[in-house]
There are 2 protein chains.
Amino acid sequence: MGRWQPGARERLEQAALDLFLEQGFTETTVPQITARAGLTTRTFFRHFADKREVLFAGEESVPERVARFMAEAPPSLGPMELISENLAPAAAEIFEGRSLDYLLRRRAAIDAEPALHERELRKFSLMSQALEQGFRARGVDELTAQLAAEVAVTTLRIAVTRWLNQHGDPGLPATIDQTLAAMRHLTNTPSA
Amino acid sequence: MGRWQPGARERLEQAALDLFLEQGFTETTVPQITARAGLTTRTFFRHFADKREVLFAGEESVPERVARFMAEAPPSLGPMELISENLAPAAAEIFEGRSLDYLLRRRAAIDAEPALHERELRKFSLMSQALEQGFRARGVDELTAQLAAEVAVTTLRIAVTRWLNQHGDPGLPATIDQTLAAMRHLTNTPSA
DNA sequence: TCAGCTATGACACGTCGTGTCATCACTATC
DNA sequence: GATAGTGATGACACGACGTGTCATAGCTGA
């Protein structure tokens, strides 16, 4: 078994997530994962750069999709307009094909392990960099582009967290809208 | 040399930063660092949890200082007021005792290595969690507390980056004020 | 049938990080 | 000023991570 069996990557992802939830990330060794998937250790590292990456596969294309998304938007839209109108559809595209159950299990594994949490922070950082580039390509000045990118990513991240915490109760678009509204309300509050 | 020589920790930090800048983080082995500092490998890991941590020592106390800071602020201040008035002094306290030259060298090392960048993202994440707790302790609702904490940390992070990129040219407080103003302007822009 | 390509297996190896115990230096107490 | 205690360090072994390298097995097309 294993050699030339299709879906090696998927089998590794499945086995890894199961084991991480069963006995923890640190306690799970790569040989354990590959044994369950019917492969060898060396093959694991041919599919994934490191042990954490098995939970983040297939997300490498998000930044470039973000860039394309922004390039196709009407040039007249300001940064906040762009975020308001396109954050929800972009998020939907990112999560398409992933079941809520998988997302919740994945979330549980990530929350239990600081190393995985760090990897997720990098994912959002990369997304923010792509957004910043997109804003700058639309003529936004550097500082505003940085801030707008961070606002978008932060809003998305918090909204997704809340959405998952409620087991997907209000839809993701509705949660995003709520979060964006709260962000506006917060920053529009007069200060001092 | 080494045994009972005072300042082992500082010697390790110095040697590590030098080597990271000379030949890169990955290419630098822990034995190389300890050899330059006149110690053994085992001692390195008694002072730092892992190889990255040598650049982040002494920052563990930031979250609790943030919590104290917020508990002592006048209860009447809203989240954005609190950020506006206290972000700059808090930042100044964090960076006290670190020379600009050290901060720039450290920045260069971190920017050159994704693993170090990830560690820095975790630092900001911890800071954000502390801020969120502080806001909640002041009676702010959960969503607003999350957002306010992220806004504060994002503003601080971008401001520090810009400040360092300009070699500390306008002072850090001025840069923070500029960044906060840009954030207000961005989110106050009418949308759609 | 054969040649070429790609994924996998097998093995060796360097580095990271930890557990464990002995040893050395500083300190306090008498 | 001798001695016991405390805390940092040295020395060694070891498991896990991740990589380099070559052989091998399966698929593909002529």
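As a whole-Å value, the separation of A/F44 CZ from D/dT19 P is 11 Å. Taking atom CZ of residue B/R11 and atom C1' of nucleotide D/dA8, one finds them 12 Å apart after rounding to whole Å. Between the CZ atom of A/F48 and the P atom of C/dA7 there is a distance of 14 Å, rounded to whole Å. Taking atom NE2 of residue B/H47 and atom C1' of nucleotide C/dG17, one finds them 16 Å apart after rounding to whole Å.
Taking the ring-ring contact (aromatic ring centres under 6.0 Å, His included) definition, one finds that B/F44 meets it with B/F48, sequence neighbours left out. Judged as a ring-ring contact (aromatic ring centres under 6.0 Å, His included), and not counting sequence neighbours, A/F135 has no contacts. Applying the side chain to side chain donor-acceptor pair (under 3.5 Å) test to B/T34 and every residue at least two apart in sequence or in another chain returns nothing. For the ring-ring contact (aromatic ring centres under 6.0 Å, His included) test, no residue two or more places apart in sequence or in another chain qualifies with A/F45.
Sorted by first then second residue, the salt bridge (Lys or Arg N to Asp or Glu O under 4.0 Å) pairs that include residues 39-50 of chain A, not counting sequence neighbours, are A/D50-A/R52. Listed by first and then second residue, the salt bridge (Lys or Arg N to Asp or Glu O under 4.0 Å) pairs that reach into residues 13-28 of chain B are B/D18-B/R105, B/E22-B/R36, sequence neighbours excluded. Pairs of residues two or more places apart, or lying in two chains, never qualify as ring pair (Phe, Tyr, Trp, His ring centres under 6.0 Å) while including a residue from residues 50-108 of chain A. Within the structure, salt bridge (Lys or Arg N to Asp or Glu O under 4.0 Å) pairs that include any residue of residues 124-137 of chain B comprise B/R136-B/E142 (at least two apart or interchain). Applying the ring pair (Phe, Tyr, Trp, His ring centres under 6.0 Å) definition to pairs two or more places apart or across chains, none involves residues 141-165 of chain A.
Contacts of residues 109-123 of chain A with DNA chain D (heavy atom under 4.0 Å): none.
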- line: Symbol by symbol from the 5' end, with Watson-Crick or G-U pairs under 3.5 Å, [ ] crossing and | another strand, DNA chain D is ||||||||||||||||||||||||||||||
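In this structure a side-chain-to-backbone donor-acceptor pair under 3.5 Å is missing from A/T43 to A/L39. No side-chain donor-acceptor contact under 3.5 Å links B/S128 to the backbone of B/F124.
The shortest distance between the side-chain N/O atoms of A/T43 and the OP1/OP2 oxygens of C/dG9 is below 4.0 Å.
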task: Classify every nucleotide of nucleotides 10-16 of chain C by which part a protein heavy atom approaches to under 4.0 Å, writing B for the base, S for the sugar-phosphate alone and - for neither, in 5'-to-3' order.
output: B----SS
